[in-house]
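Please read these numbers as outputs of a predicted model, since none were measured by experiment.
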Amino acid sequence: MNTEQLNEQKKMPIYEALELMKTERIVPFDVPGHKHGKGNPELTNFLGQSCMNVDVNSMKMLDNLCHPVSVIKEAQELAAKAFHAENAFYMVGGTTSAVQTMVLATCKEGDKIIMPRNVHRSAINALVLSGAIPVYVNPDSDKRLGISLGMKVSEVERAIRENPDAKAVMVNNPTYYGICSDIRSIVKLAHEHGMMVLADEAHGTHFYFDDELPVSAMDAGADFASISMHKSGGSLTQSSILLTGKNVNPDYVRQVINLTQTTSGSYLLLSSLDISRKNLALHGQEIFKKVRGLAQYARDEINAIGDYYAYSKEIINGDSVFDFDVTKLSVNTYEVGLAGIEVYDKLRDEYEIQIEFGDLDNILAYISVGDRERDIERLASALAEIRRRFKKEKTDLMDHEYISPKVQLSPKDAFFGEKKMVPLEESRGKVCGEFVMCYPPGIPILAPGEVITDEIIHYIRYAKEKGCFLTGPEDLEVNRLNIVVEGGR
């Protein structure tokens, strides 16, 4: 950015409007009912008076998220410039809401959308809502790491060739583990065939502010990108941004957003987006340079322990791993003889270290500018001690690979169709009517419309045994599954 653009990014329209409001001695006869905290002293004591003072309703001076014409509009315009987009929309329903908007804005009932199967649940939720039909590009998997990778360009090309009527292609940029597909080539391919490109960039906010990181979706020419500002961007949990490119009608997108997003947008979340956008625009390069350095320091310390493998750019193969986000501290635990979720639990329960997640083969520790070298050293020390105390043979570990889905019904028809609940054993060979996933990361093991196989039942049992947090099914214990009744929708 030039000097003029940087000076413009110093503005915080929503924050400034809230600060002005606080000076006006307004007597509130509107919602919320706590009336600047006076009606709920216990909550005010917990959150603080300054927080309660700005937990307010939309009013003229504060604009309206559903139909922004003043300070929210200006804040979104600043965000669009900061993220190299044509338009930006502040989202207070998390990136789930942004992902669902992307799909609903591009696909109607019966439309096809090409996507990797290792998408977040929110993307398949959007298929349930829209009635769109998924065309899955099954990603490669790394047998050593036990993770699914990115989409090969050749596989995307094959899916486009076989489904020329598809409306859009969805790309993870990056995956939870930091894996990036060749998004530039995918965008070029999709656009040549008249298809939109939707990027789930929940874990790629920082790509816009560091030249040393993989290319961002907007810079690659994507039409939409969903950004989790609350992950690496520093804003409050549940606050996100939806970005659109030049070929998207922003007024229609706003209408789609308003189908599902609250009419009571939180000014705590909105102001956190405003302040965080300014911070990234002005200081992002130095912030993420520090984060890269901390993540590399952590990898070096952890790899020196032995058995653990904190992977990085060396896994790039130019195709299914086109690039890698080096801020991600993804660590494979297989050689220690422990599932990732077991290491996750021991870090939390015995060492008071809370990492992002553990799956069957890996852990992910989220590194940010808020971390310090001594925090990294504490994590590495705990991992070394866990290896010394708990290392065991790998005989009882599952050689986890990506399970290709067998899709028999659309997610919408399966989810809303007639169903019955049966024991897990009796579900074999039936069509699933609900989701099953380990959360995090929230990538479905099963989605509505997919056939339940022996391999999937074994995976679910193993994940339960190792302590993975399984979510999605109506049965919270995941002992039974809803299957679609034959002859149902």
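Under the side-chain hydrogen bond (donor to acceptor under 3.5 Å, both in side chains) criterion, Asp300 pairs with Gln296, sequence neighbours left out. For the side chain to side chain contact (heavy atoms under 4.5 Å, CB included) test, residues two or more places apart in sequence or in another chain that qualify with Ala79 are Ala88, Tyr90, Ile241, Arg277. Contacts of Glu86 classified as side chain to side chain contact (heavy atoms under 4.5 Å, CB included), with partners at least two apart in sequence or in another chain: Lys246. Every residue two or more places apart in sequence or in another chain that forms a side chain to side chain contact (heavy atoms under 4.5 Å, CB included) with Ala384 is listed here: Ile305. Residues passing the side-chain hydrogen bond (donor to acceptor under 3.5 Å, both in side chains) test with Lys420, sequence neighbours excluded: none. Applying the side-chain hydrogen bond (donor to acceptor under 3.5 Å, both in side chains) rule to Asn482 yields the partners Glu434, Glu474; only residues at least two apart in sequence or on another chain are considered. Legend: residues meeting side chain to side chain contact (heavy atoms under 4.5 Å, CB included) with Lys167, ordered by chain and number and at least two apart, are Cys107, Asp111. Looking at residues two or more places apart in sequence or on another chain, you find a side-chain hydrogen bond (donor to acceptor under 3.5 Å, both in side chains) between Ser320 and Asn317.
Here the shortest heavy-atom pairing between Pro250 and Phe89 reads O-CZ, 3.4 Å.
Residue Lys466 is tested with Asp359, Asp345, Ile341 for a side-chain contact (heavy atoms from CB on, under 4.5 Å); the sole match is Ile341.
Contacts classified as ring-ring contact (aromatic ring centres under 6.0 Å, His included) and involving residues 140-174 (residues at least two apart or in different chains) are not found. A ring-ring contact (aromatic ring centres under 6.0 Å, His included) check over residues 96-133, counting only residues at least two apart or in different chains, returns nothing. The ring-ring contact (aromatic ring centres under 6.0 Å, His included) analysis of residues 99-118, with sequence neighbours excluded, yields no pairs.
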Quiz item: How far apart are the C-alpha atoms of Asn332 and Arg144, what are their side-chain angles, what is the distance that settles it, and do they pass the side chain to side chain contact (heavy atoms under 4.5 Å, CB included) test?
Solution: CA-CA 9 Å; Asn332 184 263; Arg144 177 187 180 190; 5.5 Å; no
Self-check item: Audit row: Phe209, Phe83, ring-ring contact (aromatic ring centres under 6.0 Å, His included) steps and yes/no
Solution: CA-CA 8 Å; Phe209 303 99; Phe83 284 90; 5.0 Å; yes
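Judged by a 6.0 Å distance limit and a 45° cone about the ring axis, Arg121 is positioned over the six-membered ring of Phe435. Figure legend: Lys419 and Phe416 shown without cation-pi pairing, the cationic atom not lying both under 6.0 angstrom from the six-membered ring centre and within 45 degrees of its axis. The cationic group of Lys346 does not satisfy the cation-pi geometry with Tyr351, failing either the under 6.0 Å distance to the six-membered ring centre or the 45° limit from the ring axis.
Using a 30° and 60° split on the angle between ring planes, Tyr177 and Phe357 fall in the perpendicular class, above 60°.
Checked for salt-bridge contact, Glu192 and Lys188 meet the test: a charged N lies under 4.0 Å from a carboxylate O. A salt bridge does not link Lys391 to Glu335: none of the charged nitrogens lies less than 4.0 Å from a carboxylate oxygen.
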Side-chain polar contacts of residues 197-204 - donor-acceptor pairs under 3.5 angstrom, sequence neighbours left out - could you list them?
| from | atom 1 | to | atom 2 | distance (Å) |
| --- | --- | --- | --- | --- |
| Asp200 | OD1 | Ala202 | N | 3.1 |
| Glu201 | OE1 | Tyr208 | OH | 2.5 |
| Glu201 | OE2 | Asn173 | ND2 | 2.8 |
| Glu201 | OE2 | Ala217 | N | 2.7 |

